[in-house]
Q: 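Before I ask anything, let me first share the structure, which is written out below as structure tokens.
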Number of protein chains: 2
Amino acid sequence: MTQEFRGRASSTRVAQAEHGVAIARSGQIAELVALEQLGMRRSFTRDEEIYAEGDASDCWFKVVSGTVRICKLMADGRRHIAAFHFSGDYFGLDIGTARSFSAEAVGDAVVMLMPRRATQRLIDTTPELACQLRDLVMRDFAHAQSRMLLLGRMTAPERVARFLVEVAERRDSWRTLDLPMSRADIADYLGLTIETVCRVLSAFKRAGVIVIPSPHRIELRDRDMLSELCEA
Amino acid sequence: MTQEFRGRASSTRVAQAEHGVAIARSGQIAELVALEQLGMRRSFTRDEEIYAEGDASDCWFKVVSGTVRICKLMADGRRHIAAFHFSGDYFGLDIGTARSFSAEAVGDAVVMLMPRRATQRLIDTTPELACQLRDLVMRDFAHAQSRMLLLGRMTAPERVARFLVEVAERRDSWRTLDLPMSRADIADYLGLTIETVCRVLSAFKRAGVIVIPSPHRIELRDRDMLSELCEA
DNA sequence: CGCCAGTTTGACCAAGATCAACGCAAGTGG
DNA sequence: CCACTTGCGTTGATCTTGGTCAAACTGGCG
């Protein structure tokens, strides 16, 4: 029964450094500080839209506080969440004229927004900045690649385990984890349904891998088991 | 029966410009020409490895002829193909020290390879080049995002339809389509099994949407039906 | 207290995976 | 030139994972 959530993956394996951290904690980079001086703050309330699919992509963003989800609604209502962005992450660094996804505040959130025109000028005069932006995008790209593997080839327990580990790593909180997003958000992020997410979490709980004091708070009790589950 | 492969998607909808074209046909851009003067050619035979997971990522690549797949093998043998790159596409523009995916020749292929050290020097002196590289990566990123939607939320028929449309667009051949890759490659790219890919293709054939003169050659007879199937 | 939104659990269902033949064309060696 | 092999591709039968539908539970909050 302890094994009930074991997927197809067979064995223990060493963790791999390439974890899916997007562009978190990048505020330290010197050139980006200049970029942020162009920014202005805006607050959003729970579920408020920061930008919509189809909007002109004339701004770049950074999460100041709260959590942002990048998502897309299909014609028939199926929803997909491409990414969550936590405090410190940049997002919305699209090229092209129009957004192909929308961005929404998961709970109340504050974001800094940088007009593209001005940032572009800054980039043109600061080659290092261009490189660093490329690196930010590449980190996002690497994250997207590992998410493709997850969505294409991993089982439900593997996806959920990976989600927990990803959030723990990005927020640097291993003991107890607070999840700002709903079960529906998690499901749409992992390509599962709400019910499956719940069931897998319950299975983890039964196995003693996690404790769930409240829906938005999860304690990780057996980190090794989780890591093992979510390794390629 | 004609409707047998209709997924959950409900209705006709206008095609969206944001198709998943990676970084094809970018050789025209002036700054990139300079980059390519640093390159040297290498040939690979069918299934030969161009670089392996874990290799130092000290080169960037461009497909000269043939097709390249970017893939990852999981511990228990599950395989995932992150991307196909056709003639003219750049690939392997990773940052970080080690490759997190491997690259292999689908059939016989010729690629140009550009040492990173030298390209870096060129970038440092040519700010436009840095921007253009960022754009290349962003295009790949956008492609990865739409693939996440596919892998996370689309049905088997939708995935296969989308694959056919994607290949048709990237190779600019709408009437008849030649697929350099095997059914196994297609399956691992779409997050399906070989059998499912075959069955869906057969269903399309029965419905008169496509004709399959030979396994690696497919004629598109009802492009609208395909487009309709693969729209978000 | 009752309502409401979000979560959890259970019973059942279906899309797609798995397992197993079979087909078919391109080598290969006698 | 023709058996025989080999590697894909296709098809069918059956099984499993995760989805769907429905009901119960939980913690705020007016």
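All values below come from the heavy atoms of this structure, side chains included, with hydrogens, waters and symmetry mates left out. These numbers come from a predicted model, not from an experiment. Just so we're on the same page: letters track the sequence lines, and every chain starts at 1.
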Q: Roughly, in whole Å, what's the span from CZ in B:Phe204 to P in D:dG9?
A: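 So the CZ-P distance, B:Phe204 to D:dG9, works out to 18 Å.
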
Q: Once side chain to side chain contact (heavy atoms under 4.5 Å, CB included) is applied, do any residues pair with B:Ser43, and if so which ones, sequence neighbours excluded?
A: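 B:Val110.
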
Q: Return a single string for nucleotides 6-11 of chain C, one symbol per nucleotide in 5' to 3' order, where B is base contact, S is sugar-phosphate-only contact and - is none, cutoff 4.0 angstrom on heavy atoms.
A: SSBBBB

Q: Check ring-ring contact (aromatic ring centres under 6.0 Å, His included) between A:Phe141 and all other residues, then give those that pass, not counting sequence neighbours.
A: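 Here no residue qualifies.
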
Q: To the nearest Å, how far apart are A:Met154 CE and D:dT17 C1'?
A: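 Roughly 16 Å, once rounded to whole Å.
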
Q: Can you tell me how far P of D:dT17 sits from CG of A:Leu151, to the nearest Å?
A: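 It is 19 Å, rounded to the nearest whole Å.
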
Q: Could you state the CZ-C1' distance from B:Arg159 to C:dA15, rounded to the nearest angstrom?
A: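 Interatomic distance, CZ of B:Arg159 to C1' of C:dA15: 11 Å.
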
Q: In chain order, what residues pass the side chain to side chain contact (heavy atoms under 4.5 Å, CB included) check against B:Asp185, with sequence neighbours excluded?
A: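 Partners of B:Asp185 under the side chain to side chain contact (heavy atoms under 4.5 Å, CB included) test: B:Arg69, B:Arg79, B:Ile81, B:Phe84, B:Val106, B:Met181, B:Ser182.
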
Q: What ring-ring contact (aromatic ring centres under 6.0 Å, His included) pairs are there with at least one residue in residues 205-227 of chain A, not counting sequence neighbours?
A: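 Qualifying pairs: none.
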
Q: Passes side chain to side chain contact (heavy atoms under 4.5 Å, CB included), B:Phe204 versus B:Leu229? Steps please.
A: CA-CA 11 Å; B:Phe204 283 173; B:Leu229 258 172; 3.8 Å; yes

Q: Let me know the distance between CG of B:Leu190 and P of C:dA15, rounded to the nearest Å.
A: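 My rounded result for the distance is 18 Å.
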
Q: Roughly how many Å is it from CZ in B:Arg153 to C1' in D:dG18, rounded to a whole number?
A: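 It is 11 Å, rounded to the nearest whole Å.
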
Q: Taking salt bridge (Lys or Arg N to Asp or Glu O under 4.0 Å) as the test, write out the residues that go with A:Arg147, two or more places apart.
A: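 None.
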
